[in-house]
Novice: 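Pasting in a structure now, in structure tokens, and then I'll have a few things to ask.
Each chain gets a letter, A, B and so on, in the order the sequences are listed, and its residues count up from 1.
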Amino acid sequence: MSVLEFPDGSSNDFPEGAVFFDVLSTLPRSVQKNAVAVKLDGDTHDLREEIDEDGSFVVITGSDSEALEVLRHSASHLMALAVKELYGDVIFGIGPAIQDGFYYDLKLDHTFTPDDLEKIEKKMEEIRKENPDFVRKTLSRDEAMEFFREENQPFKVELIEDLDAEEVTIYTLGSFTDLCAGPHVPDIRMVKAFKLLSVAGAYWRGDENREMFQRIYGTSFGSKTELEESLRRIEEAKKRDHRKLGSSMDLFNIYEEAGGGLVFWHPRGYTLRETIENYWKQKHREKGYDIIMTPHIARSDLWKQSGHYDYYRENMFVIKGDDEEEMVLKPMNCPYHILIYKRELRSYRDLPIRYAELGTVYRNERSGTLHGLLRVRGFTQDDAHIFCSPEQLDREIDKCFDLAHEILSDLGFSDYEVELSAHDPEKLDQYAGSREEWVAAENALRKAIEKRDLEYSKIEGEAVFYGPKIDLKLIDALGRGWQATTIQFDFNLPRRFDITYVNENNEKKYVYMIHRALLGSLERFIGCLTEHYAGKFPLWLAPVQVRILPVSEHQKEYAEECLAAMIKKGIRAEVDSRNEKLGYRIRAAEVDNIPYMIIVGDREIEEGMINIRSKSTGREGSLELEKFINDIVDEIEKKG
RNA sequence: GCUGGUGUAGCUCAGCUGGUAGAGCAACGCAUUCGUAAUGCGUAGGUCACCGGUUCAAAUCCGGUCACCAGCUCCA
């Protein structure tokens, strides 16, 4: 007998052999109808499962996130069944629920095209109407292996081989039986709003040396309305795509003639970039950084000494002419900064030394990974290396956080996720540097996060061999995360280059080296910024801040006068005096995401005023030119 | 790099099973001189990504290359 305690405080007991369905029948009809699965002491269970322990009992219903996961998992089984019925011999991989939907990995002779997705959807709908039972069964490990061997499902057999458990569960839906821990919906008809989205290749268990499956992605919701809402959001996100906005706003382009992953900044895009760069430089000077600039190439020997030549080779562009010494196009700035540090003997009195560079690096990323501005082959890191003593560690890390926060919030990002990558205590011998150094470094990072009450996840064993690090993921207007800031320790390069300082006891010590990039790369950051603002950049960043529209040709001269006055004050303005109606040119300015339009007609000339229309609020009325210029200069100053 | 898809005018796209290309927007010209999200008419614009093959004939079929898209992998 098991005793279940309900959320309202009441409890009830159930005889041996009872399943969770039996519990449901004691509950209101509305709950019965919408029950997807149940939770006992926090663990999710299938309704078909036997109750074998006491505990606090909750029904998962409707569209809460746990229900959604069950629903989507069941949808993936439904899809697998549909594919099996349509195409016959299918070898199945795995088919889990994921963040925004589900997928199933399938192997079959037929290669799917987008048209097939519709066909499969139709079949799924048919099956759903037939309403086959979803049956759960427990088998011993051997029975299960035998079963899947007979079914010719080698990957399922492999999965069982790697399981610890003595017993496994299988779920049968129509002619499709799958190894699956569940839970699943009690009735397949509950999967009523689904859509198949795309098909792509995926390696078995993510291993590129193993078989490739065809993966069909889909999504599913509790109701058709929610599904439509989600599809609408996907469309919205597409409209914000920085690649699309980048060309429609004429910010940048990537030219096939030049090669993939190489960004050409057009005048407007460069204006935006330059604004960010100037702001960045000013901030860094204020915070005690020395700004430097280093060459794009260097002799291979330097990269041999740094270790990149051996460990990073496949990502490096190596150049060699006839009879010439081999050179490397720099993939990182660190060795260069180290050379500058090393040029003289350093005393503890010199520290900390902070070298910052907008350093352009080139990495030969694999062709399939390139993606707009977010993944490129040539990019400019907002890089800096801080050389300091152990006593200065905490303060330097703290200052990095302050600066990152200041810059990111000025640029419009105030939310981020924090990830601390720490060492694996069991594998300490695989890391560069001493235990003391790692502990001190990780503590400095942790203290800086905790001081700011930031939530963070600490991942042990995630650190690379040369040092622990912190990454900040920016959360944009759509709630998506973007990898930007990184603060990393390096215990490797100081040893390889023997970079030291002399402490107060006249001892030579390895210097602590901190590598940090706040925006990450300008390319990636601007891509992310574009999507965050959907191209509607705030005034101080907007490539064109003001567009002046004379109502007709007669006011052209006045418009030019206004323009000259604005340009004199550093405002990025232009005149659109094309032979088109005012409404047409207003629309063009709206489409170009220009923050302010100035409209001048005979009325304005007579009154000595200008008429303002702002992108965000529409018509704003008349103002004196000088007043407007002062206002706008103020607004730019405030980074509005 | 791998799997699949795509590549036609500056942009968005049409062009069925082979018979040397079409629309809208943009550009340009003319008319219009206009008051807060698209004035009308006209003109021009394409080695159909590139290279090779099949064919009397290729944007269309086949092979290769490049690029892009969705993923996978990678991101010491």
Novice: Under 4.0 Å between a side-chain nitrogen and a carboxylate oxygen: does that hold for A:D592 and A:R547?
Specialist: yes
Novice: Rounding to a whole Å, what distance do you find between A:L197:CG and B:C69:C1'?
Specialist: 15 Å
Novice: For RNA chain B, just give me the dot-bracket, please: Watson-Crick or G-U, both distances below 3.5 Å, ( ) intra-strand, [ ] crossing earlier pairs, | paired with another strand, . unpaired.
Specialist: (((((((..((((.....[..)))).(((((.......))))).....(((((..]....))))))))))))....
Novice: Select from A:V591 and A:V199 the residue whose nearest nucleotide in RNA chain B is closer to the 5' end of that strand.
Specialist: A:V591
Novice: Determine whether the aromatic ring centres of residues A:F491 and A:Y466 are separated by less than 6.0 angstrom.
Specialist: no
Novice: Answer yes or no: is there an ion pair linking A:E158 with A:R205, defined by an N-O contact shorter than 4.0 Å?
Specialist: yes
Novice: Pairs under 3.5 angstrom, nitrogen or oxygen only, protein versus nucleotides 25-28 of chain B, please.
Specialist:
unit_1	atom_1	unit_2	atom_2	d
B:A26	OP1	A:Y584	OH	2.7
B:A27	OP1	A:R578	NH1	3.0

Novice: Quick one: what's the B/S/- string for nucleotides 42-47 of chain B, heavy-atom cutoff under 4.0 Å, read 5' to 3'?
Specialist: ------
Novice: Once you round it to whole Å, what is the distance between P of B:C72 and CH2 of A:W204?
Specialist: 16 Å
Novice: The test is side-chain contact (heavy atoms from CB on, under 4.5 Å); show your working for A:Y362 and A:L262 and say whether it passes.
Specialist: CA-CA 9 Å; A:Y362 292 89; A:L262 301 170; 4.2 Å; yes
Novice: Considering only NZ, NE, NH1 and NH2 on the basic side and carboxylate oxygens on the acidic side, decide whether A:D250 and A:R268 come within less than 4.0 Å.
Specialist: no
Novice: Starting at NZ of A:K107 and ending at P of B:G4, how long is that distance when rounded to a whole Å?
Specialist: 11 Å
Novice: Pair A:N333, A:D383 - check side-chain hydrogen bond (donor to acceptor under 3.5 Å, both in side chains), show working.
Specialist: CA-CA 8 Å; A:N333 302 301; A:D383 208 358; 2.8 Å; yes
Novice: Starting at CD of A:E208 and ending at C1' of B:G71, how long is that distance when rounded to a whole Å?
Specialist: 14 Å
Novice: Send over the distance from A:E365 CD to B:C75 P, rounded to a whole Å.
Specialist: 10 Å
Novice: What integer distance in Å separates A:Q430:CD from B:A76:C1'?
Specialist: 13 Å
Novice: Carefully, step by step, assess A:Q555 and A:D602 under the rule side-chain hydrogen bond (donor to acceptor under 3.5 Å, both in side chains).
Specialist: CA-CA 7 Å; A:Q555 300 88 18; A:D602 288 337; 2.9 Å; yes
Novice: Any donor-acceptor pair under 3.5 Å joining the side chain of A:Y203 to the base of B:G1?
Specialist: yes
Novice: Got a donor-acceptor pair under 3.5 Å from the side chain of A:R375 to the base of B:C74?
Specialist: yes
Novice: Quick one: list whatever passes salt bridge (Lys or Arg N to Asp or Glu O under 4.0 Å) with A:D241, sequence neighbours left out.
Specialist: A:R243
Novice: Provide, to the nearest angstrom, the distance between the CD1 atom belonging to A:I605 and the C1' atom belonging to B:U33.
Specialist: 13 Å
Novice: Tell me if the centroids of the rings in A:Y336 and A:W303 come within less than 6.0 Å of each other.
Specialist: yes
Novice: Is the ring centre of A:F489 less than 6.0 Å from the ring centre of A:W438?
Specialist: no
Novice: Determine, for A:E531 against A:R524, whether the closest basic-nitrogen to carboxylate-oxygen distance falls under 4.0 angstrom.
Specialist: no
Novice: Hey, is the side chain of A:H371 poking within less than 4.0 Å of OP1 or OP2 on B:A70, counting only N and O atoms?
Specialist: yes
Novice: Listed in order of residue number, which residues of residues 462-469 of chain A have a non-hydrogen atom at under 4.0 Å from RNA chain B?
Specialist: A:F465, A:Y466
Novice: Would you mind checking if A:D178 and A:K156 are paired as a salt bridge, meaning a charged N to carboxylate O distance below 4.0 Å?
Specialist: yes
Novice: Is the closest basic N to carboxylate O distance between A:K615 and A:E590 below 4.0 Å?
Specialist: yes
Novice: List, with names and distances, any nitrogen or oxygen atoms from the protein found under 3.5 Å away from nitrogen or oxygen atoms belonging to nucleotides 62-66 of chain B.
Specialist:
unit_1	atom_1	unit_2	atom_2	d
B:C66	O2	A:E256	OE2	3.1

Novice: Does the distance from a Lys or Arg side-chain N to an Asp or Glu carboxylate O, for A:R232 and A:E229, drop under 4.0 Å?
Specialist: yes
Novice: Between A:K239 and A:E236, is the closest basic N to carboxylate O distance under 4.0 Å?
Specialist: yes
Novice: Report yes if the distance between the aromatic ring centroids of A:F264 and A:F252 is under 6.0 Å, otherwise no.
Specialist: no
